[in-house]
Amino acid sequence: MLVLVAASAGMLATPVCAAAGEPADAIAVEGNRRVDPDTVRSYFHASPAGQYDAAALDAALKDLYATGQFDDVRIERAGARLVVHLTEAKFVNRVAFEGNKKIKDEDLAKVVRAKARGGLQRAFVQSDVVSIMDAYRHVGRDDVIVVPEVIDRGNDSVDLVYTITEGKKATVRKIAFVGNRAFGERQLKAIIKTSTSSMLSFLMGGDVYDPDQVELDREQIRLYYRNHGYADASVAAPVVEYDPATKSFALTFSIDEGPLYHFGGISVASDVPGLDPDKLRGVPVVRSGALFDGSALDKSNDALATEMAKLGYPFANAEPRLTRDSATQRIDVAFTINQGQRTYVERIEIHGNTRTRDYVIRREFDLSEGDAYNKTLIDRAERRLKNLNYFKTVKITTRPGSSPDRVILEVETVDQSTGDFNVSGGYSTQDGWLGEVKVSERNFYGSGNSVQAAVTYGQYTRGIDLSASEPYFAGTRMAAGVELYGRQALVSPYQSYGTTTYGGALSLGTPLTEQTSVLWRYSLYDQNVTLPPTVNAAAVSLPIRQAAAAGPQLVSSIGGTVTYSTLDNKKLPRDGFHSQLQQDLAGLGGDVKFLRTTEDLRYYKSINSDLTAMVRGQGGYITGWGGQQVPLLNSFFGGPNLVRGFAVNGIGPRDLTPGSTMDNVGGSMYWATTAELQSAIPGIPQEYGLRGSVFVDAGSVFGYNGPTQGAQIASKNVVRSSVGAGLTWASPFGPLTVDYAVPLSKAAYDVVQPLRFSAGGF
């Protein structure tokens with residue numbers, strides 16, 4: 001086994017003997033065994049005079065070396081002939097990697113230039129060593145050692161083996177910020193992906209030092225300031241300090257915030273003949289007096305570009321010109337419409353996507369080959385590609401095309417993992433002890449489709465859920481989805497009966513604007529109420545007995561959801577408004593007929609870097625039609641989802657008949673309000689994902705419309721209210737919440753439960 005340390009001597013000195021201006025009647029090739037002589041001769045090109053001068057011989061020499069097939073090339077003149085003496089490079093039989101555990105063979109093979117069935121290009125081997133070391137630095141291994149070895153297999157063939165000593169993981173020990181006054185350390189740490197090492201890093205990840213990710217974090221901080229009023233904010237390249245003793249890094253981001261600005265005057269002017277600016281004045285989404293928001297400028301540019309293309313001006317560009325007034329700290333924005341250069345997209349070339357298919361990337365563009373070049377639309381495509389979260393990096397650049405009015409777009413991407421496998425278990429006051437296994441993939445086989453399978457098994461609940469979605473159904477920007485599910489609820493301390501529901505749903509959604517979207521759905525499911533044999537049927541509440549006697553019921557419904565959202569972050573919002581209106585109509589087939597409408601409004605406002613205020617209002621109404629009553633299982637049941645401090649099914653209409661099970665029998669209306677303050681926990685690192693809250697809730701469920709013969713049903717609109725505190729952990733298995741609430745007002749028959757554990761959305 002030979003350890004490769006340097007290039008061969010033949011590649012360091014190459015004598016060339018040629019006399020300029022003398023013709024060569026023939027070219028003789030010597031020393032070749034695999035390469036055909038005519039192939040070698042094809043690299044020689046005579047001058048226009050039909051002679052091989054010094055320039056022609058030098059070009060041939062360089063081209064032969066560039067093939068990578070030769071270790072040594074010498075050209076001599078023998079009378080009227082040229083003699084090419086060759087020493088062929090050894091044939092690489094196999095390229096292998098040993099000692100690698102953190103990076104797979106196939107991923108390393110992508111970063112090295114040496115390839116099996118090619119020539120051994122010794123100059124490439126050392127560059128491959130550097131490439132492998134760079135790949136390891138990106139996964140937090142900074143002290144990796146790579147030793148290339150060439151193993152002679154005879155017959156001029158070799159194996160090229162890279163032996164890798166991975167070393168220990170280089171983590172991030174500390175992240176600090178300098179110059180930040182408007183936003184605290186916790187808030188800034190929450191918007192970047194890099195985090196410091198902690199006892200939960202093996203679950204949460206993010207503590208590995210990756211220079212590419214750190215650079216993305218730097219840009220994310222700048223954009224955060226730009227979107228929150230600080231138009232002049234800048235973030236210097238972070239200072240990175242490595243501690244060899246702990247094999248860890250300390251990062252320091254230096255921030256120059258600049259002044260806080262609001263939008264001043266907003267205007268639109270056009271320098272394009274025939275384009276009336278009055279038709280564009282209402283298009284920008286920026287508003288005078290609002291806090292400066294760079295993302296609103298980007299959205300305004302997108303909207304203007306789209307509208308101008310509709311008006312027949314595809315080459316027109318909107319350039320926002322900002323005029324700062326330091327005295328009033330306002331920025332006037334003048335959108336100036338200019339006639340851009342008449343340039344067309346010749347080709348869109350996509351590189352680096354080893355997994356994601358080309359068409360998934362191309363469909364994020366609002367233009368294609370042959371269309372007018374529009375930088376605004378290209379910037380929009382880059383943002384869309386980044387927001388897919390399929391790629392580690394995305395960059396779109398241009399280069400000249402085949403003519404001055406043609407341009408080639410180059411899309412460079414790096415795929416990242418898009419699959420998740422979660423196994424979780426715990427305790428919920430509603431479902432008892434439970435466990436869940438969930439498998440999901442948001443870029444299934446590189447198609448951009450999402451699939452998910454989840455199985456839940458608990459003390460009082462069981463279920464299975466299979467779903468899939470296509471974000472560009474039938475080539476449009478509509479998202480289509482399908483879901484199949486089966487759920488079972490057993491007798492529990494909160495209900496004396498069991499339920500089974502199984503069925504499926506089809507959905508079709510589309511965005512209407514940047515903030516508004518609509519989702520249409522069709523659901524078909526079977527629902528059934530069952531009484532356990534251990535329960536005395538005569539003691540069961542009358543509405544429950546009648547629902548069980550009705551047997552399985554098939555529900556066929558169509559519905560829609562309209563969502564309006566300006567939230568700055570979907571998972572952990574700090575500013576913005578969110579509204580969701582849902583309506584479902586059952587009765588297009590099936591056994592039941594009802595109309596159900598619900599509304600959920602939330603408003604978030606950041607008070608300071610650690611504190612966020614939230615107010616919420618929700619309500620709903622359901623009614624039967626066609627002479628039918630609303631089935632028991634489709635009614636509204638109140639509990640901690642409306643007013644914390646009450647048990648599951650703890651509030652709402654209840655059967656108070658003496659000797660009965662006194663079940664909650666559901667209502668036709670509900671309302672609820674919440675005022676809440678959310679904050680990080682002092683002394684707890686941000687990366688732990690812990691947040692506390694204090695809240696006040698109020699609400700009610702009322703309007704029972706079911707059978708009442710011989711039953712005493714309480715169904716008044718009694719106001720229930722509570723005050724309490726909670727703790728939420730954004731765990732790797734999903735958000736986990738514990739609340740403690742004390743009821744302030746209630747009905748005499750309500751069931752309270754101050755302490756609650758739950759797993760679900762924030």
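- By the side-chain hydrogen bond (donor to acceptor under 3.5 Å, both in side chains) test, R442 pairs with no residue at all, sequence neighbours left out.
- Scored by the ring pair (Phe, Tyr, Trp, His ring centres under 6.0 Å) test, Y344 finds F315 as partners (sequence neighbours excluded).
- For the side-chain hydrogen bond (donor to acceptor under 3.5 Å, both in side chains) test, residues two or more places apart in sequence or in another chain that qualify with K375 are D379.
- A salt bridge is absent between K174 and D243: the closest approach of a Lys/Arg side-chain nitrogen to an acidic carboxylate oxygen does not fall below 4.0 angstrom.
- In this structure E215 satisfies the salt bridge (charged side-chain N to carboxylate O under 4.0 Å, His left out) test together with R218, sequence neighbours excluded.
- S507 and L519 make their closest contact through CB-CD1, 3.8 Å (heavy atoms, listed as atom of the first residue, atom of the second, distance).
- Summarising the geometry, atom CG belonging to D697 is positioned 7.5 Å from atom OG1 belonging to T673; distances are rounded to the nearest 0.5 Å.
- Of the charged side-chain nitrogens involved, none lies within less than 4.0 Å of a carboxylate oxygen, so that E676 and R602 do not count as a salt-bridged pair.
- Looking at every heavy atom in both residues, N374 comes nearest to A316 through ND2-O, 3.6 Å.
- Among all heavy-atom pairs drawn from F365 and I361, the shortest one is CD1-O, 3.5 Å.
- Checked by atom type and distance alone, the side chain of D217 pairs as donor or acceptor with a backbone atom of K193 at under 3.5 Å.
- Residues R384 and D366 have side chains in contact (heavy-atom distance under 4.5 Å, counting atoms from C-beta outward).
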Side chain to side chain contact (heavy atoms under 4.5 Å, CB included), that's the test. Do E441 and N443 meet it? Break it down for me. CA-CA 6 Å; E441 171 57 65; N443 187 14; 3.7 Å; yes
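- For E307, there are no salt bridge (charged side-chain N to carboxylate O under 4.0 Å, His left out) partners, not counting sequence neighbours.
- To the nearest 0.5 angstrom, I331 atom CD1 is 12.0 Å from S288 atom OG.
- Nearest heavy atoms, I175 versus K189: O-CE, 3.5 Å.
- For the pair S693 (side chain) and L677 (backbone), a donor-acceptor distance under 3.5 Å is absent.
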Please walk me through it: do Y230 and L260 pass side chain to side chain contact (heavy atoms under 4.5 Å, CB included)? CA-CA 5 Å; Y230 295 88; L260 178 68; 3.7 Å; yes
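- Atom CG of L291 sits about 8.0 Å away from atom NE2 of H228, to the nearest 0.5 Å.
- Between T566 atom OG1 and Y604 atom OH the span is 11.5 Å, to the nearest 0.5 Å.
- Counting all heavy atoms, side chain and backbone alike, V643 lies closest to G699 at CG2-N, 3.5 Å.
- Residues N389 and T418 have side chains not in contact (no heavy-atom distance under 4.5 Å, counting atoms from C-beta outward).
- Closest non-hydrogen pair, R644 versus D739, comes out as CD-OD2, 3.5 Å.
- The backbone N or O of I348 lies less than 3.5 Å from a partner atom in the side chain of E369, making a donor-acceptor pair.
- Scored by the ring pair (Phe, Tyr, Trp, His ring centres under 6.0 Å) test, F391 finds no partners at all (sequence neighbours excluded).
- Looking only at side-chain heavy atoms (C-beta outward), V411 and E364 stay at 4.5 Å or farther from each other.
- Expressed to the nearest 0.5 Å, how far CG of L409 lies from CD1 of I350 amounts to 10.0 Å.
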Apply side-chain hydrogen bond (donor to acceptor under 3.5 Å, both in side chains) to T171 and S248, showing your working. CA-CA 5 Å; T171 58; S248 61; 5.1 Å; no
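- Between the side chain of T597 and the main chain of Q583, no donor-acceptor pair closer than 3.5 Å is present.
- Salt bridge R616/D600: present, at least one basic N to carboxylate O contact under 4.0 Å.
- Atom OH of Y472 has more than 12 heavy atoms from other residues, nucleotides or ligands within 6.0 Å.
- Sorted by first and then second residue, the salt bridge (charged side-chain N to carboxylate O under 4.0 Å, His left out) pairs involving residues 323-342 (not counting sequence neighbours) are D232-R324.
- Other residues, nucleotides and ligands contribute at most 12 non-hydrogen atoms within 6.0 Å of the NZ atom of K395.
- Sorted by first and then second residue, the ring-ring contact (aromatic ring centres under 6.0 Å, His included) pairs involving residues 275-312 (not counting sequence neighbours) are F263-F292.
- Taking the salt bridge (charged side-chain N to carboxylate O under 4.0 Å, His left out) definition, one finds that D276 meets it with nothing, sequence neighbours left out.
- Residues R521 and T561 meet the side-chain proximity criterion, which asks for heavy atoms closer than 4.5 Å.
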Assess the residue pair L581 and Y564 against the criterion (side chain to side chain contact (heavy atoms under 4.5 Å, CB included)); give the C-alpha distance rounded to whole Å, side-chain angles, the decisive distance to 0.1 Å, and a yes or no. CA-CA 9 Å; L581 173 65; Y564 175 80; over 6 Å; no
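- Atom CD1 of I221 is separated from atom CG of L216 by 11.5 Å, given to the nearest 0.5 angstrom.
- Centroid-to-centroid, the aromatic rings of Y224 and F183 come within less than 6.0 Å.
- R574 has no carboxylate O lying under 4.0 Å from a charged side-chain N of D568, or vice versa, which leaves the two without a salt bridge.
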Show your working on side chain to side chain contact (heavy atoms under 4.5 Å, CB included) between I337 and Y313 and close with a plain yes or no. CA-CA 10 Å; I337 312 301; Y313 299 89; over 6 Å; no
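- Annotation: side chain of T612 is in contact with side chain of R691 (closest heavy-atom distance under 4.5 Å).
- For Y359, there are no ring pair (Phe, Tyr, Trp, His ring centres under 6.0 Å) partners at least two apart in sequence or on another chain.
- The shortest side-chain heavy-atom distance between F335 and V333 falls under the 4.5 Å cut-off.
- Partners of F695 according to the ring pair (Phe, Tyr, Trp, His ring centres under 6.0 Å) rule, which considers only residues two or more places apart in sequence or in another chain, do not exist here.
- Side-chain contact between P277 and L280: absent, with no pair of heavy atoms (C-beta onward) separated by less than 4.5 Å.
- Considering only heavy atoms from C-beta on, Q187 stays 4.5 Å or farther from N180 through its side chain.
- A donor-acceptor pair is defined here as one N or O able to donate and one able to accept, closer than 3.5 Å; no such pair exists between the side chain of Y225 and the backbone of A182.
- Using a 4.0 Å cut-off between charged side-chain N and carboxylate O, R363 and E470 make a salt bridge.
- With hydrogens and angles ignored, the 3.5 Å screen pairs no side-chain donor or acceptor of N301 with any backbone N or O of D298.
- Legend: residues meeting salt bridge (charged side-chain N to carboxylate O under 4.0 Å, His left out) with E257, ordered by chain and number and at least two apart, are R181.
- Taking 4.0 Å as the cut-off between side-chain N and carboxylate O, K299 and D302 do not count as a salt-bridged pair.
- A distance-only check finds no donor-acceptor pair linking the side chain of N353 to the backbone of T413 [under 3.5 Å].
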